[in-house]
Peer 1: 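Please see the structure below; I have some questions.
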Amino acid sequence: MRVPTIADVSAAEGRLRGLLPVTPTWSYPSLSETCGCEVFVKHENVPPVGAFKVRGAFNLVAGMSVAETKRGVVAYSHGNHAIALAYAAARFGVDCVVVMPEGPDPAKAAAVRSYGAKLVESGKTFDEARAFAERMARERGRRLVPPGDDPDIIAGAATAYSELFAQCGELDALVVPVGSGGGAAGACLVADHLAPGCEVIAVQSAASPAAHDSWQAGRVVERPNRSIVDGLATGTGFELTQRIFRERLDDFLLVDDASVVLAQWFLLRDAHTVAERAGAAGVAALLAYPSRFAGKRVGAICTGGNATEAELRLAVESGATGRFPNASSGE
Ligand SMILES: Cc1ncc(COP(=O)(O)O)c(C=O)c1O
């Protein structure tokens, strides 16, 4: 698969201009104090569909050939990528099928359908939904749109990072939540070009460490997938994003799910913003590894805001007690 370049990122910026808003980046003194470093929150929880995934989806669909456009697209996703692709496909008049693991979050399923996409539930896990979508793409000639392992998705996601560097200047580090790795791969491409001194640090849940372990092993590996952090819960690494990580990623940190839930609370309290769990993972890394970031200027990407009611209840309870309530009672 073709490795995207900074020229692809520039092309994506051109395609997205006028279609998507520039998202804000703010620093909140109380959040910085909580984390022990100067934190710049990039609010990718506020664009249409409430997640950075909209960037890659728009870039991919806007760049498709006429023939591809006629055959349609098929995606597999827990939610945000699916909603983003459904939204982009509707905007460009492309037929869209989304495959989700059985029993998806009703709000995310409703959002997919609201854009006119067909929703197919298949398999118990993300990886089973993926196998179904791959078969459908082969059999029906639709373009398969993975959540991250695609040059157009990565180049689209990367535009968040060129915006971020323009908004807050020099940073010592970026902390980027990873599922399939498309967002962090985009961060690597942009940092390499615009901010070679800035460390790019990936973050994943210790309960679903496939991307982390793939990076450490230097090859794609499979791992148990037990995290409650939806967007980061994958059971395998992905080829293209891992290739980019091997070139540029500086570090890869694991956080436990409890610290992600607590980070959601701190984002609510200190940054007045709703983050879904995956969107809070960057801040969770700042909390979990304070000496790694002490006194530095750090960009934390709040990658999405599609939190369920149960998620938010658990986050508030976690904030009130300062510890992680029993997840099974809160879910
Ligand atoms: C809110 C959110 N953050 C982070 C991620 C992980 O992104 P990636 O798959 O590009 O690593 C996802 C993936 O769906 C997501 O929805």
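Both counts, for ligands and for their atoms, begin at 1 and track the order of listing. Keep in mind it's a predicted model, so treat the numbers as computed, not measured. Hydrogens, waters and symmetry mates are skipped; everything else that's a heavy atom, side chains included, is used.
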Peer 1: When you look for protein heavy atoms under 4.0 Å from ligand 1, which residues do they belong to?
Peer 2: F52, K53, N80, V178, G179, S180, G181, G182, G183, G231, L232, E276, A278, T303, G304
Peer 1: How would you list all residue pairs meeting ring pair (Phe, Tyr, Trp, His ring centres under 6.0 Å) that involve residues 269-311, not counting sequence neighbours?
Peer 2: Y28-H272
Peer 1: With no hydrogens and no angle check, do the side chains of T34 and D270 hold a donor and an acceptor under 3.5 Å apart?
Peer 2: yes
Peer 1: So, R130 and D149, do they make that salt bridge, N to O below 4.0 Å?
Peer 2: no
Peer 1: Output yes when R142 and D95 qualify as a salt bridge under the 4.0 Å nitrogen-oxygen rule, no when they do not.
Peer 2: yes
Peer 1: For a side-chain contact (heavy atoms from CB on, under 4.5 Å) with I301, tell me which candidate from V283, V41, T25, L174 qualifies.
Peer 2: L174
Peer 1: Does one side chain, of T23 or E44, offer a donor that lies under 3.5 Å from an acceptor on the other?
Peer 2: yes
